[in-house]
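Shown next, in structure tokens, is the structure this report addresses.
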Amino acid sequence: MRFLVKDADLITIQLLRVFEHGSSYYREKTMLAVGALACAIGPEFMKHMHLFSERLKTGLEDWNDHEVRFASYRVAGDLCRALDYKVLPFCEEIMSSLVRELCKGYIKDPNVEPVLFSCIGDMALAIGVHFEDYVCYVLPLMKEAADGCAESDGEYANGLKRSIFKAYSGILQGCNGSNAELMKPHVSHLLNFIQKSFKKPNRYVCVMNTVILIELLAGPAQVQVF
């Protein structure tokens with residue numbers, strides 16, 4: 001850990017050189033390597049964001065290279081967990097890309113959508129009450145995705161459910177009761193999503209998440225659950 005912090009600038013510079021001049025495959029792997037570095041050194045990575053932020057933006061907007069864009073979404077989640085509230089200055093661009101992707105109406109790779117919702121949860125946890133600015137954009141998209149997978153089963157549907165539960169949990173924990181009215185219009189849908197998910201054979205997907213969400217709904221937010 002200590003040697004990583006010491007050499008992180010050099011490591012980041014070398015990785016970004018590969019990103020600038022490498023093929024699609026190497027750009028994807030380089031992006032993921034930077035995310036791993038951020039996770040390893042945590043908030044210390046903030047001092048290297050001046051080198052990386054523009055590359056992240058490029059990756060998120062690379063509509064011609066699906067793999068690089070997908071890797072960029074994963075790294076955005078890594079940065080939220082690594083930098084915590086310090087990621088706030090970069091959230092506008094990240095959220096803009098997330099919403100744009102989810103609003104396209106189709107996603108070719110079934111592995112992408114769960115990553116998008118997981119990133120939303122990570123961001124909400126990281127920036128707390130500042131996430132309130134994005135609630136009106138993301139909750140309708142979460143509702144649409146939840147309606148599409150609640151009564152389905154299988155690997156993809158279950159992975160998507162987990163990511164939606166994570167996003168709800170992140171938003172509820174991040175807002176932490178600062179504005180209870182914000183979530184009240186969405187409580188009935190969330191409970192309906194939980195109920196439908198519980199009816200499926202693989203209900204283990206939502207058991208622990210349900211306990212956490214019910215506690216959050218009935219806790220600081222002072223939302224009437226039942």
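The structure displayed is predicted, hence computed values, not measured ones.
- Placement of V34 and Y26 in two distinct hydrophobic clusters is found when ILVMFWY residues are connected by side-chain heavy-atom separations under 4.5 Å, directly or transitively.
- Between Y134 and V99 the shortest side-chain heavy-atom distance does not fall below 4.5 Å.
- If you look at F70 and Y73, their ring centroids are not closer than 6.0 Å.
- Distance CE/M49 to OG1/T12: 10.5 Å, rounded to 0.5 Å.
- Within the 4.5 Å cutoff, the side chain of D65 has no heavy atoms near those of the E28 side chain.
- Grouping the Ile, Leu, Val, Met, Phe, Trp and Tyr side chains by contacts below 4.5 angstrom, directly or via other members, places W63 with F19.
- Taking the charged nitrogens against the carboxylate oxygens, R74 and D78 have no contact shorter than 4.0 Å, which rules out a salt bridge.
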Exercise. In sequence, state the C-alpha distance, the side-chain angles, and the governing distance for M95 and F131, and then conclude on side-chain contact (heavy atoms from CB on, under 4.5 Å).
Key: CA-CA 10 Å; M95 182 56 70; F131 193 83; 3.6 Å; yes

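- Of the charged side-chain nitrogens involved, none lies within less than 4.0 Å of a carboxylate oxygen, so that K196 and D147 do not count as a salt-bridged pair.
- With rounding to the nearest 0.5 angstrom, the OG atom of S96 is 9.5 Å from the NZ atom of K57.
- Side-chain atoms of L139 and I171, non-hydrogen and from C-beta on, do get closer than 4.5 Å to each other.
- The two atoms that bring R27 and V18 nearest to each other are CG-O, 4.5 Å, heavy atoms only.
- Aromatic ring orientation, H189 versus Y168: tilted (interplanar angle from 30° to 60°).
- The closest side-chain heavy-atom distance from K166 to S169 is not below 4.5 Å.
- Closest approach of L79 to A38, counting heavy atoms only: CD2-CB, 3.8 Å.
- With values rounded to the nearest 0.5 angstrom, H48 atom NE2 is found 10.5 Å from L10 atom CG.
- Taking a cutoff of 4.0 Å between a charged side-chain nitrogen and a carboxylate oxygen, D62 and R69 do not qualify as a salt bridge.
- Considering CD of E101 and SG of C119, their distance stands at 11.5 Å, rounded to 0.5 Å.
- In the hydrophobic clustering of this structure, Y85 does not group with L172; members are Ile, Leu, Val, Met, Phe, Trp, Tyr whose side-chain heavy atoms approach within less than 4.5 Å, directly or through other members.
- In E61, the CD atom is crowded: over 12 heavy atoms of neighbouring residues, nucleotides or ligands sit closer than 6.0 Å.
- A distance of 15.0 Å separates CG in L102 from OH in Y137, rounded to the nearest 0.5 Å.
- Nearest heavy-atom pair across L60 and S97 is CB-OG, 3.5 Å.
- Two residues are said to be in side-chain contact when any heavy atoms from C-beta on lie closer than 4.5 Å; N158 and R162 meet this criterion.
- Within the 4.5 Å cutoff, the side chain of L116 has no heavy atoms near those of the I120 side chain.
- For the residue pair M31 and G59, the shortest heavy atom distance occurs at CE-CA, 4.3 Å.
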Practice problem: Apply side-chain contact (heavy atoms from CB on, under 4.5 Å) to the pair E92 and D133, showing each step before the final yes or no. | Solution: CA-CA 10 Å; E92 192 71 32; D133 295 339; over 6 Å; no

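- Counting heavy atoms of neighbouring residues, nucleotides and ligands inside a 6.0 Å radius, atom CD of E144 does not exceed 12 of them.
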Practice problem: Any chance you could lay out the side-chain contact (heavy atoms from CB on, under 4.5 Å) test for V138 and F117, step after step, and finish with the verdict? | Solution: CA-CA 9 Å; V138 301; F117 287 117; over 6 Å; no

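- What you find for P114 and G159 is that their closest heavy atoms are CB-O, 3.9 Å.
- Looking at every heavy atom in both residues, S72 comes nearest to L56 through O-CD1, 3.8 Å.
- No side-chain heavy atom of L125 sits under 4.5 Å from any side-chain heavy atom of C80.
- Atom SG of C149 sits about 4.5 Å away from atom CZ of F193, to the nearest 0.5 Å.
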